[in-house]
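Working notes for the structure below.
Because the structure is a prediction, the values reported are computed rather than measured. Computation of the quantities below employed the complete heavy-atom set of this structure, encompassing side-chain atoms and omitting hydrogens, waters and symmetry-equivalent molecules.
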Amino acid sequence: MERRRSVLLLPGQGAQRERMAAGLYGAREEFTAPMDEFFGRLGTTGARLRSAWLRPAPNPELDESSVAQPLLLAVGHALGRAVGTAAEPPALLLGHSVGELAAACLVGVFDPADIGALAAARSRALEGTGHGGMLAVAAPEGQLAEELGGFGDGAAVGADGTDVGANGVAVAGVAERAAFAGVAVAALNGPRQTVLAGPREALAAVEQHLRDRGILVRALRSGHAFHSPVMAGAALRFAEALAGFGPRAPWAAAGTVVSTRTGVAVTEDQARDPHFWGGQLAAPVRYWPALRELLDTLGRRPGLLLLDGSADRSLSAPARHHPAVRDGASEVVPLLAVGRDAGGPADARVFAEALHRLGEQRDHTGDHTVVS
C-alpha cells in the first residue's frame with residue numbers, strides 16, 4: 001500500500017495563544033532542546049520571551065509583534081524538530097506567514113542555530129512601520145471586493161454617487177471607500193475566511209461597514225498590518241538582513257516547503273533569494289489556495305496526513321470540509337491540545353497520539369520502524 005505523505009502545517013501571526021505547545025516543554029526532550037537553545041542564544045531577551053510564553057491567559061503581551069513573532073518562529077521550528085526526531089521529517093511543509101520562515105529553517109535554508117538572530121532581525125525590520133492591524137472576516141475575497149468597492153481596482157459608480165457591484169447591489173460609496181484606503185487582502189485562510197490588513201483608522205472603518213452588513217468580523221492579535229503594502233519598507237529591510245544569513249538550497253532529505261506566496265514548492269533559486277523570504281512580509285498569504293491544491297492533487301492517491309501545529313487547530317479547519325478529508329482518503333492529525341487543555345499536560349498526550357498515528361502509517365505500508 002502506498003504511504004500517505006505527511007504535511008506539517010505551521011501557524012503565523014494571529015494564531016498565537018498563551019502557552020502554545022508549552023505542555024511539551026520539559027515533557028518531550030526533542031521539543032525542549034530547540035526551545036532552550038533559542039532562548040539561550042537571545043540572552044536577556046530570550047528570558048523575557050520565555051516568561052511571556054509560559055504566562056497563562058490573559059496575556060496582552062502576546063499581542064505585540066516583538067513577542068508573538070519570535071515565539072511563533074521558535075515554537076513552529078521546535079514542533080517540526082520534535083516530529084522529525086521522534087518519528088520522521090514531514091514530506092511537505094506549509095507555513096502561514098512566519099510559519100513559512102520556520103519551515104525554511106527546518107529544511108536547512110537557514111541554519112537552525114540562527115533562529116534567535118532571525119527572530120531579532122525580523123523584529124528590527126518592523127521598527128518604524130507605524131501601527132496597523134488585521135481583521136479576520138467570514139467572507140470570500142470576491143464578496144469583500146464587491147462590498148468595499150474593490151481593493152485598489154476601482155468599481156462602477158452609480159448616478160447617485162454610490163458604487164454598484166457586479167450584481168447591481170449598491171456597495172460602499174465614493175466617500176466611504178476613501179476611508180478604506182490602505183486596507184488590503186492579507187491572507188486567504190479558507191473558502192470563506194479572508195484576512196484584511198491596513199492602517200488602524202481605515203481598518204476600523206472597514207470593520208464597522210462590514211458589521212453593518214451583517215458580516216462576521218474579528219480583530220486578530222496583531223499591532224501591524226502584515227502582508228499588506230503598508231509593510232513594503234519592512235519587507236525590504238528584512239530581505240537585506242536575511243542576505244547576511246546566507247540562505248541556501250534546502251537539504252534534499254529534509255522535506256519540501258510549499259510556499260503560500262506561490263502555491264507551489266519553493267525552488268532552489270527562490271530559497272537562495274533573501275528577497276523571496278523578506279518580501280513575504282508585504283505579500284498576501286495564499287494559505288488556503290496552497291493547501292487546497294495539495295488536497296486536490298495528492299489528497300486521494302496516496303492521501304495526506306495533515307499535521308496541524310496550531311494551538312487552535314485553525315490551520316486544518318478548512319481542510320476538514322475538503323472532499324479528500326471528508327471521505328477519509330486524507331486525515332487531519334492534531335499535534336497539540338486545544339481549549340482549556342491547551343498548554344498543559346494534554347499537549348504531550350495529543351502529541352504522543354500523533355506520533356502513534358505516524359507509526360501506524362509506517363507499519364501499514366511495509367516500514368516497520370517502531371515509534372516509542
Exercise. In Å, rounded to the nearest 0.5 Å, how long is the span from OG of Ser66 to CD of Glu127?
Worked result: 9.0 Å
For this session: Could you check whether the rings of Tyr25 and Trp53 sit parallel, tilted or perpendicular, using 30° and 60° as the cut-offs?
Result: perpendicular
For this session: In sequence, state the C-alpha distance, the side-chain angles, and the governing distance for Phe39 and Thr45, and then conclude on side-chain contact (heavy atoms from CB on, under 4.5 Å).
Result: CA-CA 8 Å; Phe39 293 132; Thr45 298; over 6 Å; no
Exercise. Taking the six-membered ring for Trp, are the ring centroids of His77 and Phe38 within less than 6.0 Å of each other?
Worked result: no
For this session: Evaluate whether atom CD of Glu201 has more than 12 neighbouring non-hydrogen atoms of other residues, nucleotides or ligands under 6.0 angstrom away.
Result: no
Exercise. Hey, is the main chain of Ala319 close enough, under 3.5 Å, to the side chain of Ser316 for a donor-acceptor pair?
Worked result: no
For this session: Go through Leu281 and His227 one step at a time and tell me if the side-chain contact (heavy atoms from CB on, under 4.5 Å) criterion holds.
Result: CA-CA 5 Å; Leu281 276 174; His227 307 295; 5.5 Å; no
Problem set entry | Exercise: identify the closest heavy-atom pair between Ala186 and Ala197 | CB-CB, 3.7 Å
Problem set entry | Worked check of side-chain contact (heavy atoms from CB on, under 4.5 Å) between Leu8 and Leu335 | CA-CA 10 Å; Leu8 180 61; Leu335 294 179; 3.7 Å; yes
Exercise. What's the spacing between Leu203 CG and Leu135 CG if we round to 0.5 Å?
Worked result: 5.0 Å
Exercise. For Ala82, does its backbone N or O pair with a side-chain atom of Thr85 as donor and acceptor, under 3.5 Å?
Worked result: no
For this session: Scan side-chain atoms only and decide if Glu100 and Thr260 contain a donor-acceptor pair under the 3.5 Å cut-off.
Result: yes
For this session: Output every pair passing salt bridge (charged side-chain N to carboxylate O under 4.0 Å, His left out) with a member in residues 334-355, not counting sequence neighbours, ordered by first then second residue.
Result: Arg349-Glu353
Exercise. Are Arg4 and Glu331 close enough, and set up right, to give a salt bridge (Lys or Arg N to Asp or Glu O under 4.0 Å), and what steps lead you there?
Worked result: CA-CA 9 Å; Arg4 285 173 167 175; Glu331 179 183 349; 2.9 Å; yes
Exercise. Quick one: are Arg19 and Leu54 in side-chain contact, heavy atoms under 4.5 Å?
Worked result: yes
For this session: Quick one: name the residues clustered hydrophobically with Val332, using the 4.5 Å side-chain heavy-atom rule over I, L, V, M, F, W, Y, and just say none if it's on its own.
Result: Val7, Leu9, Leu92, Leu94, Val258, Val285, Tyr287, Trp288, Leu291, Leu294, Leu295, Leu298, Leu304, Leu306, Leu315, Val325
Exercise. Around atom CZ of Arg292, are there more than 12 heavy atoms of other residues, nucleotides or ligands at under 6.0 Å?
Worked result: yes
Exercise. Is there a donor-acceptor pair closer than 3.5 Å between any side-chain N or O of Gln69 and the backbone N or O of Val98?
Worked result: no
Exercise. Which pair of non-hydrogen atoms, one from Ala271 and one from Pro250, has the smallest distance, and what is that distance?
Worked result: CB-CD, 3.8 Å
For this session: Check whether any side-chain heavy atom of Arg48 lies under 4.5 Å from a side-chain heavy atom of Glu61, and answer yes or no.
Result: yes
Exercise. Can you tell if the side chain of Arg237 reaches within under 4.5 Å of the side chain of Arg124, non-hydrogen atoms only?
Worked result: no
For this session: May I ask you to check if Arg261 and Phe276 form a cation-pi contact, with NZ or CZ under 6.0 angstrom from the six-membered ring centre and within 45° of the axis?
Result: yes
Exercise. Any donor-acceptor pair under 3.5 Å linking the side chain of Arg17 with the backbone of Ala311?
Worked result: no
Exercise. Hey, does the side chain of Gln16 reach the backbone of Gln13 with a donor-acceptor pair shorter than 3.5 angstrom?
Worked result: no
Exercise. Where is the tightest heavy-atom contact between Ile215 and Ala139, given as atom of each residue plus distance?
Worked result: CG2-CB, 4.2 Å
Exercise. Regarding Ser310 and Asp308, is there a side-chain donor-to-acceptor distance under 3.5 Å anywhere?
Worked result: yes
Problem set entry | Salt bridge present between Glu88 and Arg3 (N-O < 4.0 angstrom) | yes
Exercise. If we only count heavy atoms from C-beta on, is the Phe351 to Val83 side-chain gap below 4.5 Å?
Worked result: yes
Exercise. Hey, does Met35 have a side-chain heavy atom less than 4.5 Å from the side chain of Val75?
Worked result: yes
Problem set entry | Side-chain donor/acceptor of Thr297 to backbone N/O of Glu293, under 3.5 Å | yes
Exercise. Quick one: does His96's side chain have a donor or acceptor within less than 3.5 Å of a partner on Arg286's backbone?
Worked result: no
For this session: With the side chain counted from C-beta on, respond yes when His322 and Ser330 share a heavy-atom pair under 4.5 Å apart, and no when they do not.
Result: no
For this session: Identify the two heavy atoms, one from Ala329 and one from Arg300, that lie closest to each other, and give their separation to 0.1 Å.
Result: CB-CA, 3.9 Å
Problem set entry | Check: Ser97 side chain, Gly99 main-chain N or O, donor-acceptor pair, under 3.5 Å | no
Exercise. What is the minimum heavy-atom distance between Leu118 and Phe238, and which atoms define it?
Worked result: O-CE1, 4.0 Å
Seminar exercise, completed: One should read off an interatomic distance between Glu30 CD and Leu24 CG, to the nearest 0.5 angstrom, of 8.5 Å
Exercise. Looking at side-chain heavy atoms only, is the closest gap between Phe110 and Leu101 below 4.5 Å?
Worked result: yes
For this session: Would you indicate whether the side-chain heavy atoms of Leu188 and Pro289 approach each other to under 4.5 Å?
Result: yes
Seminar exercise, completed: Heavy atoms of Gly279 and Ala235 approach each other most closely as CA-CB, 4.0 Å
Exercise. So does Arg248 have more than 12 non-hydrogen atoms from other groups sitting under 6.0 Å from CZ?
Worked result: yes
